[in-house]
Amino acid sequence: MDEWLIEAGSRYPTLTTVMANPEPYRLQILYTQIDREADNQPVLREYQYGVDENRYFYPASTVKLPISLLALEWLAEQDIEGLTSGSGMLTDAAEPFQTVAHSDPSAESGIPSIAHYIKKILLVSDNDASNRLYELLGQDYINQKLADKGLQNTLINHRLSTRMSEEENRQYNPIRFVGAEGEPILSLPARYSETRYINAGRPKLGSAHIASGERVEAPMDFTTKNRLSLGDLDGVLKRLVFPQLFAEQERFNLRPEDRALVLRYMSMLPPDSDSPTYDPEEYPQNYAKFLMYGGEPREVPGNIKIFNKTGWAYGHVIDSAYIVDTRNQVEFFLSAVIYANENDTLNDDQYQIDEVAKPFLRELGSFIYENELKRNRPSKPDLSAIRKITGP
């Protein structure tokens, strides 16, 4: 990969600048070539740059992908007649700090559901939608399931964008599932996790941070924050796209229709959604497509399908993607994290997301894509399954 990056030159100025001095950016890249055998079975070849599974970064919204997949796995495990991803999911409150969710005007039915929450998560990275699925599953289910699948560098410990304590994040709302006419299907009581999940090494980041509006001249403690290493994030995506490459116990056990739901919404662009509808000024086509298209609003060509999950917080910007060009029959995986925080102060909102991180990811994705266009393959991939899900 080093030789390829040297070739980038002046056509990719941000990529060249960052790669010339990668350490301040805590850069990690995981690129996977895909070749197809004669029977169309994929063969993966991985290339890494700076990947260190023990080097902590804050995963931000990327944790929403495994949460979404586990919500569908949990659903399949219930095996209850009439309980589907489209069933109404009504969240109640058992504690003062909890909130209810009995309606969702953005849904066609006006009622929240697992499917609709996942759609909002994958289209625009909706925080409340992810928090509702977190409340459904709880820490014990999430963390045990991920560990059982071999994802050993992942812990999901809290809701996102809420001011809840560690203790409050171990308490989960009561939830009811109802049918189209409001008939009860399943009720879950309020639940609580006894186990306290702690990040290995008790990681701390930054040289200073802002807490309660005051500057603290010390690193910020991430001991009980969420964790999702780049290798695990990349592995979650590969388990979704190519489950056959993993042992049965390592896969997400999804029903075919649920897997198709995730892939469809993961590749859909916000302006193409009918329910919810999104203002294209606020959510342009490239809103969450950082690799190849990050930065200022721009169009994503119809032949480019990007199945990905992004995240950005505390100066970290992450994207993990399966990128497909249906016209030129090109496909590859690319995952990367970059830390764009010159002053190394966390929580001050003085990050270089637009100036450095998004241009870097755009140029990195474009550079890899250009090389993929030129790369010889033993067999052209049959992408008919992808077209069936996403359209031409």
Side-chain angles (χ1 to χ4, degrees), residues 63-95 98-104 107-122 126 128-151 154-157 159 169-195 197 236 239-240 243 246-266 389:
V63 300
K64 297 172 185 175
L65 178 57
I67 289 173
S68 297
L69 298 180
L70 288 176
L72 293 171
E73 182 168 312
W74 174 90
L75 186 69
E77 290 171 352
Q78 305 313 301
D79 194 24
I80 296 174
E81 184 177 355
L83 181 61
T84 71
S85 64
S87 300
M89 177 179 158
L90 309 181
T91 301
D92 298 318
E95 300 291 342
Q98 295 175 344
T99 59
V100 303
H102 293 166
S103 64
D104 187 341
E108 189 173 351
S109 66
I111 302 296
S113 67
I114 289 176
H116 196 69
Y117 281 144
I118 289 174
K119 185 175 184 179
K120 295 199 292 184
I121 287 168
L122 297 177
D126 188 281
D128 178 72
S130 181
N131 290 343
R132 298 307 178 181
L133 299 185
Y134 169 91
E135 292 163 352
L136 169 67
L137 302 175
Q139 292 177 11
D140 295 333
Y141 183 91
I142 292 172
N143 291 322
Q144 187 59 59
K145 282 285 187 176
L146 294 176
D148 290 346
K149 296 179 193 304
L151 300 164
T154 300
L155 286 178
I156 298 178
N157 289 337
R159 300 166 177 85
N169 272 308
R170 295 207 301 271
Q171 300 180 53
Y172 317 114
N173 306 44
I175 294 172
R176 293 173 287 133
F177 287 92
V178 299
E181 303 301 322
E183 66 276 16
I185 299 175
L186 174 66
S187 293
L188 303 177
R191 290 141 293 133
Y192 174 75
S193 289
E194 296 284 350
T195 302
Y197 296 93
V236 168
R239 284 165 171 78
L240 172 65
F246 295 85
E248 188 171 350
Q249 68 269 20
E250 295 179 325
R251 303 174 190 172
F252 289 91
N253 297 312
L254 307 180
R255 295 178 290 203
E257 62 270 25
D258 291 334
R259 177 175 175 271
L261 177 147
V262 173
L263 291 170
R264 180 167 62 253
Y265 294 142
M266 185 178 275
I389 291 171

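Index from 1, following the sequence. This is a predicted model, so every value here is computed, not measured. Computed from heavy atoms alone, side chains included, the values below leave out hydrogens, waters and symmetry copies.
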Is any side-chain heavy atom of [Y] closer than 4.5 Å to one of [X]?
{"X": "M266", "Y": "L65", "answer": "yes"}
{"X": "L70", "Y": "K149", "answer": "yes"}
{"X": "D92", "Y": "H102", "answer": "yes"}
{"X": "Y141", "Y": "R191", "answer": "no"}
{"X": "K120", "Y": "Y265", "answer": "no"}
{"X": "I175", "Y": "T91", "answer": "yes"}
{"X": "F252", "Y": "P243", "answer": "no"}
{"X": "I142", "Y": "P66", "answer": "no"}

Step through the shown structure and confirm whether more than 12 heavy atoms of other residues, nucleotides or ligands are within 6.0 Å of [atom1] on [X].
{"X": "D148", "atom1": "CG", "result": "yes"}
{"X": "E248", "atom1": "CD", "result": "no"}
{"X": "E250", "atom1": "CD", "result": "yes"}

Measure across [X] and [Y] and return the closest heavy-atom pair with its distance rounded to 0.1 Å.
{"X": "A101", "Y": "P112", "result": "O-CG, 4.0 Å"}
{"X": "L137", "Y": "A71", "result": "CD1-N, 3.7 Å"}
{"X": "N253", "Y": "A76", "result": "O-CB, 4.2 Å"}
{"X": "I111", "Y": "G88", "result": "CG2-CA, 3.7 Å"}
{"X": "I118", "Y": "S68", "result": "CD1-O, 3.7 Å"}
{"X": "S87", "Y": "I185", "result": "OG-CD1, 4.0 Å"}

So, the side chain of [X] versus the backbone of [Y]: is there a donor-acceptor pair under 3.5 Å, distance only?
{"X": "Y134", "Y": "N169", "answer": "yes"}
{"X": "N143", "Y": "I156", "answer": "yes"}
{"X": "R251", "Y": "R239", "answer": "no"}
{"X": "R176", "Y": "P184", "answer": "no"}
{"X": "R159", "Y": "S130", "answer": "no"}
{"X": "E183", "Y": "E181", "answer": "yes"}

**OP:** Test side chain to side chain contact (heavy atoms under 4.5 Å, CB included) on Q139 and N157 and set out the steps.
**Re:** CA-CA 6 Å; Q139 292 177 11; N157 289 337; 4.2 Å; yes
Original post:
Taking atom types as modelled and ignoring hydrogens, do the side chains of Y172 and Q98 form a donor-acceptor contact shorter than 3.5 angstrom?
Top reply: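 There is no such pair (donor and acceptor under 3.5 Å, judged by atom type) between the side chains of Y172 and Q98.
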**OP:** State, without any angle test, whether Y197 and D140 hold a side-chain donor-acceptor pair at a distance under 3.5 Å.
**Re:**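 Per modelled atom types, Y197 and D140 side chains form a pair under 3.5 Å.
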Output the distance between atom [atom1] ([X]) and atom [atom2] ([Y]), rounded to the nearest 0.5 Å.
{"X": "R264", "Y": "L122", "atom1": "CZ", "atom2": "CG", "result": "11.0 Å"}
{"X": "D128", "Y": "L133", "atom1": "CG", "atom2": "CG", "result": "9.5 Å"}
{"X": "M89", "Y": "I114", "atom1": "CE", "atom2": "CD1", "result": "6.0 Å"}
{"X": "N131", "Y": "L136", "atom1": "CG", "atom2": "CG", "result": "12.5 Å"}
{"X": "K119", "Y": "I121", "atom1": "NZ", "atom2": "CD1", "result": "13.5 Å"}

Subject >> Criterion side-chain hydrogen bond (donor to acceptor under 3.5 Å, both in side chains) against R132, the qualifying member of D104, T99, D126 >> reply: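 Single side-chain hydrogen bond (donor to acceptor under 3.5 Å, both in side chains) partner of R132 among D104, T99, D126: T99.
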**OP:** Name all residues meeting the ring pair (Phe, Tyr, Trp, His ring centres under 6.0 Å) criterion together with F177; count only those two or more places apart in sequence or in a different chain, and write none if there are none.
**Re:**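 F177 satisfies ring pair (Phe, Tyr, Trp, His ring centres under 6.0 Å) with W74 only.
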